[in-house]
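The next block holds one structure in the form of structure tokens; read it before the comments.
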Amino acid sequence: MTFIEWSVDISVIIIGLSILVIFLRLVIGPSIEDRIVSLDLLSANAIAFIAVYSIQKKTTTFLDVGIIVALLAFLGTVAFAYYLGRRGRE
Amino acid sequence: MSKIIMLPILFPVCAALIMIFFRRSVAMHRILNVAATASMLVVSLVILGSVRSEGILSLQVGGWEAPFGITLVADMLSSIMVVSAALIGFTTALYSLGTIDEEREHFFYYPLLQLLLMGINGAFLTGDIFNLYVWFEVMLISSFVLLVLGGRPQQLEGAIKYVTLNLLSSSVFLAAAGILYGTAGTLNMADLAMRIPLLDHRELLSVVAVLFLITFGVKAAIFPLFFWLPASYHTPPVAVSAIFAGLLTKVGVYAIMRFFTTIFTHDGVSFIHQVLLVLSAFTMVVGVLGAVVQYDMRKLLSFHIISQIGYMIFALAVQSPLAIAGALFYIVHNIVAKTNLFYLSGLVHRLKGSWDLREIGGIYRFYPMLGLLFLVPALGLAGIPPLSGFWAKYVVIKAGIDSEHYLLVGVALGVSMLTLFSMMKIWNEGFWKNDPRGEGSVEDEGYLRTPTMKKAVTLVPIIMLGFLTVMFGLWFEPFFEFADRAAYELLDVYNYIDAVIGGRS
Amino acid sequence: MYSIILATASRYLLLLLLMFSVFLLFRGHNEPGGGFVGGLVAAAAYALYFIANGIEAARTIVRFEPIMIIAAGLCTAVASTLPSLVVGKSFMTAVWVDTGIPFVGKVGTPLLFDLGVYFLVLGITLCIIFSLAEEDRL
Amino acid sequence: MLVLLAIGYCASALAPLLYKRFRENFGWIAVIFPLFMFFGLLTRYPQIAAGQVIRESVPWVTSLGVNFSFFLDGLSLTFSLIITLIGAAVFLFAGAYMKSYAQTGRFYLYIGIFMTSMLGLVLSDNMLLMFVFWELTSISSFLLIGFNYHKESSRKSALQALLVTVGGGLALLSGIILLYTVTGSYEISSFYDKSEMITAHALYPAVVVLVLIGAFTKSAQFPFHFWLPNAMEAPTPVSAYLHSATMVKAGIYLIARMNHEIGGTPLWQDTILITGAVTMLFSAILAFKQTDLKRLLAYSTLSVLGTLVMLLGIGSKLAIKAFFIYLIAHSLYKGALFLVAGTLDHETGTRDVRKLGGLYKLMPVTALTAALASFSMMGVIPLIGFIGKETVYKSILELEYWGAFLIAGAVLAYALVVMVTVYVGFKPFWGSMLPTPRQPHEAPVKMLVGPGVLAIMGLLFGLFPNFFIAAMLEQSAQSILSETISLKISLWGGFNLVLFLSFLTLMLGAVFYLIREKVPGGVLRVSLPGIVRPSVWYETAINGVLSFARLQTRLVQNGYLRNYIIFFVVTTVSLVSFPLYRSAEQVTMVPDFSITFYEGALACIILVSTLLLVTSKSRLKSIVALGVLGFSIGIIFVIYGAPDLGLTTFAIETLNVVLFVLVLYKLPGFLKLSGSLNRARDAVIALCVGCMMTLTVLFASSFELSSALKQFFAETSFPDGKGRNVVNVILVDFRAIDTLGEITVLTVAALGVFALLNLRPGRRK
Amino acid sequence: MTFLLAVIVGALYAAGTYLVLRRSIVKVIFGLIFLGHAANLMIFTVGRLTKGVPAFVPEGAEILTEPFADPLPQALILTSIVIGFGVQAFALVLFKRAYLTLGTEDLDKMRSTDQLPEERL
Amino acid sequence: MIEILSGAFLLLGTLFILVSAIGILKMPDLYTRMSATTKASTLGIGLVLIGTTVYWQDIGIGFRAVAIIIFLFLTAPVAAHIIGRAAYFGKVPLWEKTKIDQFKERVDDADR
Amino acid sequence: MNPFLFNILLAIAWMLLVGDFTAGTFTLGMVVGYLILWFSRSAWRETKYFSKIPLVIKFVLYFLKELLVANLRVAFDIITPKDYMEPGVIAFPLDVKTDIEITLFANLVTLTPGTLSLDVSPDRKTLYVHALYVKDAVGFCDELKEGLEKRLIEVMR
Ligand code: NA
Ligand code: NA
């Protein structure tokens, strides 16, 4: 096992762990904003995971998925904020 | 020649496209809609003619040979169904001219009608299971929108049930198609017909078959999956109810027919025929009992749809060539008669301003021709000779007796009594009885003031379909020949396989 | 809830997202992407713009009635099926032009079809979002 | 004969138009039509009398063995002549009688259709064709009974008659089909030689029962008789024609027609004998308490119909002879009397016998007609009715076992009929004059000719029976018994037991009349307990069906969406479980259990967020959970080599969030609506579904899948599809038509949303 | 992982079923979405899992060689996802309109179209 | 050599990601959680992407990675801003040890 | 920014995305970029193009340093059990004026760990910042003004 393979494996585990931790925050909340932030963070971690996974599987095709996730996660977050804003107004 | 079979799919989408582009010009929508359905009718008749003379037509879409691409297949069954769809499309196009309000026309009523027909035609013509799913969805979503167009509370309420239950069935369809690919490795119907008998794990295909049965059962509105139908069919404008009543459930029946005669014929599914027999009895009975207690004309007619589906399913479950032919003829007869009855109920409503039979009456006295026009499909539906329904009923019952399903035959006969009973209920209450609000009420005058043109376009479809009901009855032999041939084609799968995989394109 | 920060950012992001959507569209035949995703991303761009700047601004920037975009998309997709008939092939058979162009690769009716899908998806998403947003204001 | 029928239907269709043109004298024009047919058929009389059978066949639905095949033999000729002759009388009569009704044109239309169908019925050689006409007579009868449709009682009676006769018709239809199963043909003439084969067949009892139910309902035999008195709601010409002379005889025709082919067995003979006898007696007794002219006649008709059926049941040569004579006699006198009743009703405005009397002076011709017909009905020499009665008694007396009982019953029934006759034929005309709602005077010629001719024919036939009818009846009898009978009819049989019985009958009749006159009115209102009245059975059945239907519909179509879904789910699970259980045996390979860390984490996230969503009480939390779920599924797609799917999932999930956000804050927060019991039930159902799907997935992926498609796409995607992204090539090329459908779905969805939001009540754009 | 995915599919189906049986229309929508996910994932699983090898013809190669993920189920799922998106969007808006028009989110109160004649007010 | 560099980037990046994950779990209130973590993860992802680029040594990949990084750096703060603001207006409480709150007055003004 | 320049930039971005630097790609990028710009032209009212590349580079480096340092500081705080935080919400008076300046500034503030732009006042004069380490409000503001804001204004004007 080369260093890169080793570090990839480690990275995958660490990212997986972080994802679980962030997900825990999503589950416990307490505020809805906490959950939204966690969701945003989860998608960010998904990008990292995809990047590492593309090295692990030696395929570049996955990276484009990362771009999409980055672009869209932001829209999702903004949409939630929009909702919160409206909720506040009414 | 086989290229012609894509036209029933291409015409509607093109027509719809043009209409959407020229959104504001409702007059153009109207003309185009009638023109498109009329030409679809012509095309479908040509297809039927060439299937009759040349045998099964198949078209490998995209030029990819079966089973790799998607094949469109027009065999006798499909062509008959497409002709029926085009016919109802055409009559509904006319009927809509006289009955649909301008608001709805502005909000894409006609394009939606076209796309509905596109979905229906696609479902009839495709030879690929997943493609069938797609056409089902096209049909379904168009029907959703047509159902709610106008946004009245009743429509929305009915639509919730319609949409939810149909989406559930779609989800089952999808799952079934997925498992089918996962077990058989192909989605082409002919290929499946060829492969399934050779597979080792056929039992799993019985699971798939049951799932398909469920999903098509929902579309066909068989017991106990029909609840969406009576909950919603009476809510949209009657032109919409009519086309739904005529065509949508029949697509489900068509699919059951196709799947359980062409694809799933291995012994593992024989229990499904037993299931179908039982369900068909319940469908007939529950449907007709639902009908006899109704006073809303459209509700009454809606429950009847279910009951009549029972007959078709019964015949399908019997599976003899005669039974299949009978089922097919039953479908066509029912499409014609049922749509016509809905048209008529619309006319009655126009005259009397109510759907409730208790509130109206006296039509026969002042509009005797309307009475006659009603009696033709009503008695036809009840199976009174020499109208079309008699032959339909006769063939189904004959097939039942031949296969010694006496109990079910008894049920079918009893149900036909109740059908007559409920049809005569409409007759007694709506036509014979005096109008409880006195004669010549305001609505009558309202009707009399409608322009002659509008009256004509509502009456022409009714007369056309009534004429067909009579024709089917009096001139039954040629129609039955078609049905008979379709039945033989269906039961002899090799024709179908040969036409699709054989690579004629 | 207008925010300068979001509004300003959204103008730049709009361009980036649109660009990326076109990129996805053209490249989809060879790599991940295609008309659907392209259209969806384009729609996402406008959705973002709408949330940040309001519905009028979004309508102005889209310039066309979403329904017309749908029609155009559907038209393109349907039109792409017609060359097959002209050349006498089976319905919807792909027809390719001999010379390709860089990055996109071979040009043919499937690409046109994908382009139609792109516009259609964009149109329908916009149609839905705009309708909802406008209803909301009333 | 097909041509004859076609002319008949065309003529009927023209009736309303012609009526508009001629109005006043339409009766005279209308009568041409039945007379034309009558004489047309009469021209065949010599051939038939000579023993010929005229056949004709035009193909119809050959593949199902149904053709327009007709035959004219003695039996059908007898019936055809009765139909057209009485038809002529009625058509003429109605011309005047119906003047007070609106829409007389329609009346002629229906009655014309009826007459033609009735002719078709008796002329058909093909049983299915006969059935077609059979049903047509039921329908035209329905329309005619309900002719006074503004009256509820008319509508009810019409429906009742229709249901009973059509119901019986359905039984007949099944009988016919069974008969086809046995013989392979619908042609009655082809059954002729197969009699033994039919009676020996296992289906034979079913055939008999079904055919007889058909016949009994049509001919109003007990217990299906109740519709006939109610059918008197029809205008009187209709009652005279359909419900006395012709349509109700269709069943009798059928029994007579099938007597040779499927009869001759104890089952057949006993059934019709007993049914006929019961009907004869029972309805005569019921006649006792009637006061309405037409109902009196109706019950007497029932009694006669019973007698006719009974005679067929006896089945001896003499009985058949009696059958024919009585058939003709009854048609003549009952037709006449009904028309007389119509005249009375028309002139006086009432049909209550208690209110009629002494009209002789005002209506002498009518009175004479009535008297003539009544004498025939009472069986007074020298009218044909007398011969009829004598032969009936004789044939009963021939019976060995039943004879004694039957003769007593027959005498009793006949005596009651005599009483009815007195009421209808004599009481209104003789005695003291009673005031009536309308001022009566002699009826117009049109109303006199018909009954007059019928009554006179009764006399002529009685005086010269052999000259007029014997030859035809011989041939008819032959078609029933298939042996030659020499029918020598004589008016006078000498002083014997039969003559004594005739005398006794008249005396008894007189006694009954006197008793009826003396009893207080209250007795007449006493009715039988419901349990022995089939009309009550009918009502109970209809109401029972209706309330069951209501109950069932409320139970099944109850409006609760979740109940519908439960039906759906439970059906699915229970139907799937059976083949799923069986397919478990075919599982050979254990699925892949290996799990990496991140897969486990992913699964954990999916499961937890699912749980989160299911239990969530906040909408936004649900959307967040849904987002997590969607993204996780996207990641699964990516991990397993489907980046395009991943891309699409991410994009759609995000847009879904936007949509949800736009829609959802208008929607309410979650309320806990279901009780815990419901939730537990739903949870169990849901778990069943889950298990089912899990097992299905496991089973389905437990073997190698070899797909030719996968290989094909891999090999042709780039060379032929010009694309390296195989998925995309599939979408836009291999399966492009799927995509076309799919974008159509999207288009419609968008239009739908647009319309839903912009087109709604109270909002204009 | 096939096993795990099978369990996930089952869980999604169960959750979807449970949710569509609720009385609140919002939950029903969530249920429908769940069922959509479940069906897609099911097709994916049943179409056999192949890890990390997407179906792309590599640069320079003419054909794709094993192992690679079966592209057909992917195409099917893609189609169904997009169809599901359209249909769900419509359903969502429909449910919203129904709520606003009928003034209730409780499905048990939406029974008027099914009521028998004598039950109507 | 390249592989080692790449691996180092990956590990460093994932370390930041882990830190931010812990941060979001551990920090006392929403604002501190956001403040602390969004950028750490952004930085971490940036590092991971650089590691990926280094590994592939492909210009296309490189620019895609750069595109993601730019995009993240563009969107992350906007997202944080918009949620933080919504939270504040939505009355999500501050940590009780928060010293100063100069925003409160304006929000209260707006409320009035 | 000049639309034409922006068009070129977009074309370059396109080439970057595509990873192919030929004339064909550039042309296609120009076409795509032009279409996009044309499609969304109403979003563009301003602005002027800048050419202070060295300033930009200097600014970026400064920012990266800040970013790294701040990140480490927070990371330390997170992984050690003890909290050193003294959070607060500060009203920061803005000198930057234009949309783009305000946006950039606010984002950069957010990106530096420990600080989070909450809102810009409607009159665009104040930026409300949540910060983790606030000794005193005035000191915090001065630090930010002298550091980030000043450099940003240098670059932008
Ligand atoms: Na694609
Ligand atoms: Na972020």
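Below, read A as the first sequence line, B as the second, and so on, with proteins coming before strands; counting in each chain starts at 1. Not measured: the values here are computed from a predicted model.
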**Heavy-atom contact with chain C under 4.5 Å, split by part of Leu740(D)** = both
**Ser84(C) vs Thr109(C), side chain to side chain contact (heavy atoms under 4.5 Å, CB included): CA-CA, chis, key distance, verdict** = CA-CA 9 Å; Ser84(C) 62; Thr109(C) 51; over 6 Å; no
**Prompt:** Contact part of Phe130(C) toward chain D, heavy-atom cut-off under 4.5 Å: side chain, backbone, both or neither?
**Reply:** neither
**Prompt:** To the nearest 0.5 Å, what is the distance between CG (Leu751(D)) and SG (Cys127(C))?
**Reply:** 6.5 Å
**Asked** Measuring from Phe754(D):CZ to Glu65(C):CD, what's the distance to the nearest 0.5 Å?
**Response** 6.0 Å
**ring-ring contact (aromatic ring centres under 6.0 Å, His included) assessment of Phe23(C) paired with Phe20(C)** = CA-CA 5 Å; Phe23(C) 168 75; Phe20(C) 188 65; 5.7 Å; yes
**Asked** Which atoms of Thr739(D) come close to chain C, meaning under 4.5 Å heavy atom to heavy atom: side chain ones, backbone ones, both, or neither?
**Response** both
**Prompt:** Looking at Val663(D), Thr654(D), Val658(D), Ile737(D), which makes the most heavy-atom pairs under 4.5 Å with chain C?
**Reply:** Ile737(D)
**Message:** Could you go through Ser21(C) and Tyr118(C), starting from their C-alpha distance and side-chain angles, then the distance that decides it, and tell me whether this counts as side-chain hydrogen bond (donor to acceptor under 3.5 Å, both in side chains)?
**Reply:** CA-CA 9 Å; Ser21(C) 78; Tyr118(C) 174 89; 2.8 Å; yes
**Prompt:** Relative to chain D, which segment of Leu120(C) carries a heavy atom at a distance below 4.5 Å: side chain, backbone, both, or neither?
**Reply:** side chain
**Request:** Verify side-chain hydrogen bond (donor to acceptor under 3.5 Å, both in side chains) between Asn53(C) and Ser10(C), making sure each step is shown before the conclusion.
**Result:** CA-CA 8 Å; Asn53(C) 298 285; Ser10(C) 74; 3.0 Å; yes
**Asked** Given the options Gly646(D), Pro643(D), Ala749(D), Gly721(D), which has more heavy-atom pairs under 4.5 Å with chain C than any of the others?
**Response** Gly721(D)
**Prompt:** For Ile70(C), is it the side chain, the backbone, both, or neither that has a heavy atom closer than 4.5 Å to a heavy atom of chain D?
**Reply:** side chain
